[in-house]
Structure formats: structure tokens, C-alpha cells
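Working notes, beginning with the structure itself.
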Amino acid sequence: MTDEDTLAAFGAEVERWVRANLAAMRASGRWYAELSARGWLVPHWPVEFGGAGLSSEESAVVRAVLAKYRADLPPQHFVPITLVGPGLLTWGTTEQQRRYLPGIASGADMWCQLFSEPGAGSDLASLATRAVPTDDGRWIVTGQKVWSSFADISRYGLLLARTDPDRPKNAGLTCFLLDMSLPGVTVRPLRQLTGDEHFCEVFLDEVEVSDAARLGPAHEGWRVALSTLHAERSGLSGDSEAAGVALGPVLAAARSSGAWCDPVVRDRLTGLIATQHALSLTTRRVRPGDARGSVTKLVQSELAQRICELTFETAGPAAACWDGDELGPEAFGLLDSRRLTIAGGTSEIQRTIIAERVLGLDREPDPDRGRPWRDLRRG
């Protein structure tokens, strides 16, 4: 058997098990506990930390099957599983790994990402949140974060703060594992285009953080952040179903409505099918942390938007009408999909990463390179 045959057989086995057990275990409330016991919530993690020890290719197959049946953890668990977990596995001390990884692997603990700021989004390295060391081994953190998904229900946050303003902006940063219940932490949800409020802004007012909560070396937080961002982009990959946007319904709707007979619509649908298949195959080749994850992240997010746009169009005028304050499903999908090319790094940033780190093209000149952060013009 070829590697593809082996993966196909493994995928069929996973799918048979999911179909045989999902309904009964979901009804009894045991589904996620069983996935955790099998290590399938984090299939690529080592067994000792709650994973299944699978290869990246096998893990992608498990994630794809679970996504197909809407059987994986809700989207709020993306940050702890895809960003924080790999960060702890790479940079965490033994004590930190023992303390935090079990709660992530079981889905018991929620985490948020505290990176972006009002003045530091795509240019994350310019962030201004400060962490000042004290004489007794603590850090005093002051600043503001924004676009932190599910921060209002998170027990912990992965925080990136500036600890040495005399170094260049990409240096002098440090990562912390922040307890969101600490005094001085204030979370405010932000109302989105769809009416949902899972994005939040977080205010940090002289929050006292122990040095034991530092992830990685002091002032080396940019390296820690990059490793988690690479993992995030790989995690925001897979076919469109992994982004919560299935291709099947729009194909079925096009056939039932007769839109499939329109050559323009049929050409667009055929393009979506081809892109979906190519993306699924490419995802299997990209290992976690690989810069090529920007390729699959870019394609997945833009593919999902194209599916949502065509779904809205083929639904006809009724898609633009709904009763009450709740959006209809086609309108909700159309509006909600706009975030996909922003979250995890904008499409523009992904194209820059692909050009520089995948294709090896020359980097854009940076006039601020090497200058101390405190001397930079901001705002």
C-alpha cells in the first residue's frame, strides 16, 4: 500500500468509529470525554501529555473527520489546543507542562491569546503593553489587548508584553501564562458585525505576575510568539469544513434550485471543488510550524469566503430577509466569513510570509530595523 492508501484506510477506520459512536455518546454527554481518552482532541501531541502520538498526516485525517461530522471541540478551544499547547510543549518548563497541559488536552481549561493591541495588529512587534520586573521576582503588567477571542470565558491567557523598551521592537518582548482572574484584569466583549460577541478587549492595570508564569526566556518572547503563530496558521488550514464552512450544502442547493445549469455558476462551483481537493491534499504535506502553513491558511480562508458568497447568491432574495434581530443562515455566513481573512494574520501578511519565507524573495526594507523600540514613532 502507498502512503496515501494507508492514510485513506486510517481515515475510513476513524470515520466508521465516529459514525458508530457519535450519536449515542453525544446524547449521553460522554463524547468529548471519549475523544480525550483516545487522545483525539490533540492527536499530534505525545501520549504522555494527553495526545495520541500520531503523525502530522494522521492527525490531519482525524481533524478532518471530526470537522466533517461537527464532532470536534467548539471553536473556543482553538487557542488552547492549537497555540498554547504547542507553545508549552516547545518552551514550557516541566512544571508548567504538568500544570497546564492536562486541562488543555481534556478541554477543561479555556485560554485566550493576548497578543494584538489597538496600535499593534499586523505589526505585532510594535506592541506597547509593558511588563516591568520587581526586586522580588514578579512582573507588573500594564496595557491593553484587543480581538482576544473568548477572553470573557477564559481561565488563562497567553500574554505577550514588552519587557525591555531599549531593544529593537522584535526584541525585548516576553511571553507569560496569565491567570485571567488576577486583580487588575478587566475583560469587555466587543459586538461584531453578526451580533456575536466572542471578540474581546482586555485591560491590564498593574497586574502582578509571578516569574514562574514566564514562558520561555525573558526578552525572547518574539521567538515564542512566532512558534505559536506558525502553529496557528497551520491550525487554520485543512479544507473549508475545518473553518466551519462546508462545501456540500451549496452544491446541493445549486442542483436543487437549478443554478447548476447556469454555466457561470457551474464554473464557480467547479473551481471551489478543485480548490477544496487541492487544499485537502496540500494540508497533509504541511507539518505544524512549517511556514508553508501560510499557504494553506490563506487558501482556506479565501475559499471559505467564496463558498459563503456563492451560498448567499444562490439562495436568492430570501437570503437577505429575516425576522427579528437574528440573521438568516446565509446572511450570517456571509458576514461572519469576513473575519477569516483577518484572524490568524491577514491575507496580506500571509502573502508576505509566503514570498519571503517560502519562495525566498527579498524582504521589504525596514527603516526601523535595529532602532530601540522607545525611539520609534507610534500611533
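Given the structure is predicted, the values throughout are model-derived calculations rather than measurements. Basis for what follows: all heavy atoms, side chains included, without hydrogens, waters or symmetry-related copies.
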Item to check | Heavy-atom closest contact (Ile81 atom, Leu41 atom, distance) | outcome: CD1-O, 3.7 Å
Item to check | Ile342: hydrophobic cluster co-members (side-chain, 4.5 Å) | outcome: none
Next on the checklist: For a 4.5 angstrom cut-off between non-hydrogen side-chain atoms, does Pro168 reach Arg371?
Outcome noted: no
Checklist entry - Got a donor-acceptor contact below 3.5 angstrom from the Glu206 side chain to the Val141 backbone? => result no
Checklist entry - Is it true that Arg268 and Glu313 have a side-chain N and a carboxylate O under 4.0 angstrom from each other? => result yes
Item to check | Neighbour count above 12 (heavy atom, 6.0 Å) for Asp362 CG | outcome: no
Checklist entry - When you look at CZ of Arg98, are more than 12 heavy atoms from neighbouring residues, nucleotides or ligands closer to it than 6.0 Å? => result no
Checklist entry - By side-chain hydrogen bond (donor to acceptor under 3.5 Å, both in side chains), which residues pair with Asp323, not counting sequence neighbours? => result none
Next on the checklist: Tell me whether the NZ or CZ atom of Arg19 lies within the 45° cone about the ring axis of Tyr69 and under 6.0 Å from its centre.
Outcome noted: no
Checklist entry - Can you tell if the side chain of Phe115 reaches within under 4.5 Å of the side chain of Leu229, non-hydrogen atoms only? => result yes
Checklist entry - Under 3.5 Å, is there a donor-acceptor pair between the Thr129 and Glu117 side chains? => result yes
Checklist outcome for this item: Between Gly50 and Ala105, the two heavy atoms sitting closest are CA-CB, 4.1 Å
Checklist entry - Taking all non-hydrogen atoms of both residues, which atom of Ala161 and which atom of Arg130 are closest, and how far apart? => result CB-C, 4.4 Å
Item to check | Gln96 side-chain N/O to Arg214 backbone N/O, donor-acceptor pair under 3.5 Å | outcome: yes
Checklist entry - Does Val264 sit in a hydrophobic cluster with other residues, and if so which ones, taking ILVMFWY side chains as linked at heavy-atom separations under 4.5 Å, directly or through other members? => result none
Checklist entry - Any sub-3.5 Å donor-acceptor pair from Ser280's side-chain atoms to His277's backbone N or O? => result no
Item to check | Ser347 and Glu302: CA distance, side-chain angles, deciding distance, side-chain hydrogen bond (donor to acceptor under 3.5 Å, both in side chains) verdict | outcome: CA-CA 8 Å; Ser347 290; Glu302 297 192 348; 3.2 Å; yes
Next on the checklist: Could you tell me if the side chain of Thr194 sits less than 4.5 Å from the side chain of Arg339, heavy atoms only?
Outcome noted: no
Checklist entry - Going hydrophobic residue to hydrophobic residue with side-chain gaps under 4.5 angstrom, can you get from Val65 over to Val42? => result yes
Item to check | Validation row: Ile273, Leu251 side chains within 4.5 angstrom (heavy atoms) | outcome: yes
Item to check | ILVMFWY cluster membership beyond Met110 - transitive side-chain contacts under 4.5 angstrom | outcome: Phe150, Ile153
Next on the checklist: Is there a side-chain contact (heavy atoms from CB on, under 4.5 Å) between Leu303 and Leu247? Walk through the geometry before answering.
Outcome noted: CA-CA 10 Å; Leu303 171 64; Leu247 179 57; over 6 Å; no
Item to check | Gap between atom CG of Leu215 and atom OG of Ser227 - 0.5 Å precision | outcome: 8.0 Å
Checklist entry - Going from CZ on Arg155 to CG on Asp109, what distance comes out if it is rounded to the nearest 0.5 angstrom? => result 4.5 Å
Item to check | Gln113 side chain reached by Lys145 side chain, heavy atoms, under 4.5 Å | outcome: no
Next on the checklist: What I'd like to find out is whether the side chain of Phe203 reaches to under 4.5 Å of the side chain of Val185, using heavy atoms alone.
Outcome noted: no
Checklist entry - Could you walk me through whether Trp147 and Leu190 pass the side-chain contact (heavy atoms from CB on, under 4.5 Å) check? => result CA-CA 8 Å; Trp147 311 126; Leu190 296 169; 3.7 Å; yes
Item to check | Phe332 side chain near Asp196 side chain, heavy-atom distance below 4.5 Å | outcome: yes
Checklist entry - Of Leu124, Leu160, Val224, which is the lone residue that meets side chain to side chain contact (heavy atoms under 4.5 Å, CB included) with Leu173? => result Leu160
Checklist entry - Is Arg63 salt-bridged to Asp72, going by a charged N under 4.0 Å from an acidic O? => result no
Checklist entry - What are the two closest non-hydrogen atoms of Ala319 and Ala331, and how far apart are they? => result O-CB, 3.7 Å
Next on the checklist: Keeping Gln144 on the side-chain end and Leu204 on the backbone end, is there a donor-acceptor pair under 3.5 Å?
Outcome noted: no
Checklist entry - Is the closest basic N to carboxylate O distance between Lys169 and Asp123 below 4.0 Å? => result yes
Checklist entry - Does the side-chain contact (heavy atoms from CB on, under 4.5 Å) test come out yes or no for Tyr156 and Leu178, once each step is laid out? => result CA-CA 5 Å; Tyr156 302 108; Leu178 180 70; over 6 Å; no
Next on the checklist: Are more than 12 heavy atoms, taken from residues, nucleotides or ligands other than Trp91, located less than 6.0 Å from that residue's CH2 atom?
Outcome noted: yes
Checklist entry - Mind checking whether Tyr100 and Trp111 have ring centres under 6.0 Å apart? => result yes
Next on the checklist: Which residues pass the side-chain contact (heavy atoms from CB on, under 4.5 Å) test with Thr134, not counting sequence neighbours?
Outcome noted: Asp136, Arg138, Ile140
Checklist entry - Of all heavy-atom pairs between Ser257 and Ala254, which one has the smallest distance, and what is that distance? => result OG-O, 3.5 Å
Item to check | Euclidean distance, Glu330 CD relative to Leu335 CG, rounded to 0.5 Å | outcome: 11.5 Å
Checklist entry - Less than 4.5 Å apart, any side-chain heavy atom of Glu34 and any of Asn21? => result no
Next on the checklist: Closer than 3.5 angstrom, by distance alone: can the side chain of Thr82 be matched with the main-chain N or O of Val79 as a donor-acceptor pair?
Outcome noted: no
Checklist entry - With a 3.5 Å cut-off and no angle check, do the side chains of Thr341 and Gln305 form a donor-acceptor pair? => result yes
Next on the checklist: Quick check: closest heavy atoms across Ser126 and Gly119, and the distance to 0.1 Å?
Outcome noted: OG-O, 3.6 Å
Next on the checklist: Given 3.5 Å as the limit, does a donor-acceptor pair link the side chain of Thr346 with the main chain of Ile349, or not?
Outcome noted: yes
Checklist entry - Can you check side-chain contact (heavy atoms from CB on, under 4.5 Å) on Val202 and Thr186, steps first, answer last? => result CA-CA 6 Å; Val202 179; Thr186 302; over 6 Å; no
Checklist entry - Any donor and acceptor pair, going by atom type alone, linking the side chain of Glu208 with main-chain N or O of Trp139 inside 3.5 Å? => result no
Next on the checklist: As a quick check of understanding, evaluate salt bridge (charged side-chain N to carboxylate O under 4.0 Å, His left out) for Arg223 and Glu220, giving each step before the final call.
Outcome noted: CA-CA 6 Å; Arg223 293 170 59 204; Glu220 295 291 335; 3.6 Å; yes
Checklist entry - What distance separates Asp336 CG from Leu327 CG, expressed to the nearest 0.5 Å? => result 9.5 Å
Checklist entry - Is there a donor-acceptor contact under 3.5 Å from the side chain of Glu356 to the main chain of Ile353? => result no
Item to check | Exam field: side chain Thr296 to backbone Gly293, donor-acceptor pair closer than 3.5 Å | outcome: yes
Checklist outcome for this item: Interatomic distance, CZ@Arg357 vs CZ@Arg363, rounded to 0.5 Å, equals 5.5 Å
Checklist entry - Checking Thr90 side chain against Gly87 main chain: does a donor-acceptor pair fall under 3.5 Å? => result no
Item to check | ring pair (Phe, Tyr, Trp, His ring centres under 6.0 Å): pairs with one or both residues in residues 5-33, sequence neighbours excluded | outcome: Trp17-Trp31, Trp17-Trp40
Next on the checklist: Can a side-chain donor-acceptor contact be found between Gln192 and Glu197 if the only test is distance below 3.5 angstrom?
Outcome noted: no
Checklist entry - To the nearest 0.5 Å, how far apart are NE2 in His198 and OG in Ser149? => result 4.0 Å
Item to check | Pair Glu58-Ser55, side-chain donor/acceptor within less than 3.5 Å | outcome: yes
